[in-house]
Protein chains: 2
Amino acid sequence: MYYVVHMTFGKYIRDHRETLKKIDRRFSVRQVANRIGVEPAYLSKIERDEVAPPSEAKIRALAIELDKDEDMLLAMAGKVSSDLLEIIRKRPELFADLIRQLKSMPDHAILRISRDVRDGEW
Amino acid sequence: MYYVVHMTFGKYIRDHRETLKKIDRRFSVRQVANRIGVEPAYLSKIERDEVAPPSEAKIRALAIELDKDEDMLLAMAGKVSSDLLEIIRKRPELFADLIRQLKSMPDHAILRISRDVRDGEW
DNA sequence: AATAGTGTGTACTATGTAGTACACATGACG
DNA sequence: CGTCATGTGTACTACATAGTACACACTATT
């Protein structure tokens with residue numbers, strides 16, 4: 001999935017909204033804009049990357065609307081979920097060290113730690 | 001260390017700068033401000049919490065100046081280091097899951113994971 | 001007593017963030 | 001063939017962020 005790297009936030013939203021629109025006409029710019037609570041002209045500009053991605057709250061609404069992962073969409077917008085920031089800010093040195101350690105680790109290693117923690121192997 | 005919770009960014013900086021000033025007069029508001037690259041009046045306002053904490057770059061400079069942990073100082077300012085954000089944004093779902101898992105884990109468990117990863121037990 | 005340094009009050013500014021409001025041309029469709 | 005919906009251009013706005021610049025009164029030093 002090479003192309004994802006070059007995909008902007010706007011183009012990604014447009015692509016997926018258009019795909020949904022093909023089978024459901026309620027996915028027009030106007031109707032989606034209304035449902036997520038912004039002006040249609042604003043969503044149009046977002047989708048053409050004419051303006052920066054919207055706020056975290058609107059991105060979350062978009063993620064739900066388009067059935068995409070919220071953290072992934074936030075990341076495409078250059079943001080990190082505020083609940084994660086809060087967790088890190090409460091124990092900054094601990095989390096900073098761990099995250100920097102994990103920077104160079106492969107996906108499967110991080111997944112495994114997640115699973116081990118969840119399964120209570122600690 | 002209860003009081004730390006109620007300590008503001010400004011008060012924390014002021015306390016530590018004043019402590020250093022007692023044994024080294026180069027730690028005046030003016031001289032520290034000059035070294036970190038801001039106006040003295042601005043640092044004065046920061047220390048009295050009259051304005052919001054400064055930018056990440058200035059906080060880092062302050063951390064070095066006062067010999068404090070950068071991530072901890074950033075956290076007190078309500079921020080998270082941009083290098084950590086970048087790491088998370090590159091694999092948002094993986095890191096989001098892990099961090100939320102670790103939210104309720106005790107310090108020693110997180111420390112142990114850090115150590116295990118560093119020592120290559122993966 | 002002069003002067004050098006200190007902390008702070010007041011006023012101002014540039015840039016970024018996160019949008020709204022309305023008009024307009026085009027396209028779909030019953 | 002009229003009207004209803006669609007996407008978008010233009011203009012504008014409120015608030016936040018991250019500071020600067022200068023003047024002033026006080027303190028310490030020599």
Side-chain angles (χ1 to χ4, degrees), chain A residues 8-63 65-66 73-82 85 89, chain B residues 8-63 65-66 73-82 85 89:
Chain A
T8 62
F9 179 81
K11 182 156 173 31
Y12 184 83
I13 297 296
R14 169 137 300 186
D15 281 1
H16 286 269
R17 187 187 52 72
E18 299 270 77
T19 301
L20 291 170
K21 196 186 169 193
K22 276 175 198 157
I23 54 163
D24 187 342
R25 70 191 189 293
R26 290 174 314 165
F27 284 91
S28 68
V29 168
R30 269 163 198 271
Q31 296 196 43
V32 170
N34 280 326
R35 287 198 296 275
I36 68 167
V38 298
E39 287 290 310
Y42 184 41
L43 179 56
S44 171
K45 275 176 279 196
I46 290 167
E47 290 193 349
R48 285 170 295 125
D49 299 298
E50 211 193 274
V51 298
S55 64
E56 179 169 344
K58 307 297 184 190
I59 292 173
R60 285 188 191 285
L62 264 176
E65 191 63 34
L66 305 181
L73 226 51
L74 283 167
M76 289 196 70
K79 306 186 193 243
V80 171
S81 177
S82 53
L85 299 183
R89 281 199 308 261
Chain B
T8 62
F9 180 81
K11 180 156 174 36
Y12 184 85
I13 297 297
R14 168 137 301 187
D15 282 0
H16 285 269
R17 188 188 50 74
E18 299 272 75
T19 301
L20 289 170
K21 196 186 169 191
K22 276 174 199 157
I23 55 164
D24 187 341
R25 70 189 189 293
R26 287 175 315 164
F27 285 91
S28 68
V29 167
R30 267 160 201 273
Q31 295 194 47
V32 171
N34 280 326
R35 287 198 297 274
I36 69 168
V38 299
E39 288 290 310
Y42 184 41
L43 178 56
S44 171
K45 276 175 279 197
I46 289 167
E47 290 193 351
R48 288 171 294 124
D49 299 299
E50 209 192 278
V51 298
S55 65
E56 178 169 345
K58 307 298 184 190
I59 292 173
R60 285 188 189 286
L62 264 176
E65 192 63 33
L66 306 180
L73 226 51
L74 284 167
M76 290 198 70
K79 306 184 194 244
V80 171
S81 177
S82 55
L85 298 184
R89 281 200 307 263

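Just so you know, these numbers come straight off a predicted model, no measurement behind them. Order of the sequence lines sets the chain letters (A, B, ...), proteins ahead of strands, with each chain counted from 1. These numbers come from the heavy atoms of this one structure, side chains and all, not from hydrogens, waters or symmetry mates.
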- Message: Is the phosphate of D:dA18 approached by B:S55 (side-chain N or O, under 4.0 Å from OP1 or OP2)?
- Response: no

- note: A:R17, atom CZ; D:dG7, atom C1'; distance rounded to Å ~ 9 Å

- Message: Using whole Å, what does the distance between atom P of nucleotide D:dT17 and atom CZ of B:F9 come to?
- Response: 14 Å

- Message: Treating A:T19 as the side-chain partner and A:D15 as the backbone partner, does any N or O pair qualify as donor plus acceptor under 3.5 Å?
- Response: yes

- Item | Of A:V38 and B:A41, the one whose closest DNA chain C nucleotide lies more 5' | B:A41

- Compare the minimum distances between each of D:dA21, D:dG7, C:dT6 and the side chain of A:V29, then state the nucleotide with the smallest one. D:dG7

- Quick one: label B:R14 by what it contacts on the DNA or RNA (base, sugar-phosphate, nothing), any heavy atom closer than 4.0 Å. sugar-phosphate

- Please answer whether the main-chain N or O of B:V32 pairs with a side-chain N or O of B:R17 as donor and acceptor at a distance below 3.5 Å. no

- Task: Determine: side-chain N/O of B:Q31 to OP1/OP2 of C:dT6, distance under 4.0 Å, yes or no.
- Result: yes

- Below 4.0 angstrom from OP1 or OP2 of D:dT17, is there any side-chain N or O of B:K58? no

- Query: How many Å lie between CG on A:L43 and C1' on D:dG9, as a whole number?
  - Reply: 16 Å

- Query: Does B:R48 put a side-chain nitrogen or oxygen below 4.0 Å from OP1 or OP2 of C:dG9?
  - Reply: yes

- Query: B:Y42 has an atom OH; how far is it from atom P of C:dA14, in whole Å?
  - Reply: 17 Å

- Message: I want to verify a distance call: between D:dT8, C:dG7, D:dG19, whose nearest atom is closest to the B:P54 side chain?
- Response: D:dG19

- Query: Does the side chain of A:I46 reach to within under 4.5 Å of the side chain of A:V51, using non-hydrogen atoms?
  - Reply: yes

- Item | Length of the CG-P vector between A:N34 and C:dT20, whole Å | 11 Å

- Task: Would you mind checking if A:R35 and A:E65 are paired as a salt bridge, meaning a charged N to carboxylate O distance below 4.0 Å?
- Result: yes

- Query: Looking at side-chain heavy atoms only, is the closest gap between B:L20 and B:R26 below 4.5 Å?
  - Reply: no

- Query: Between D:dG7 atom P and A:E18 atom CD, what is the distance in whole Å?
  - Reply: 7 Å

- Query: So, is B:S44 near the phosphate of C:dT8, with a side-chain N or O under 4.0 Å from OP1 or OP2?
  - Reply: yes

- Whole angstrom value for the distance that separates C1' of D:dA18 from CD of B:E50: 15 Å

- Item | First of B:R30 and B:G37 reached from the 5' end of DNA chain D, by closest nucleotide | B:G37

- Query: Whole Å only: how far is the CD1 atom of B:I46 from the P atom of D:dA18?
  - Reply: 10 Å

- Query: For the base of C:dT10, is there a side-chain donor-acceptor partner from B:K45 under 3.5 Å away?
  - Reply: yes

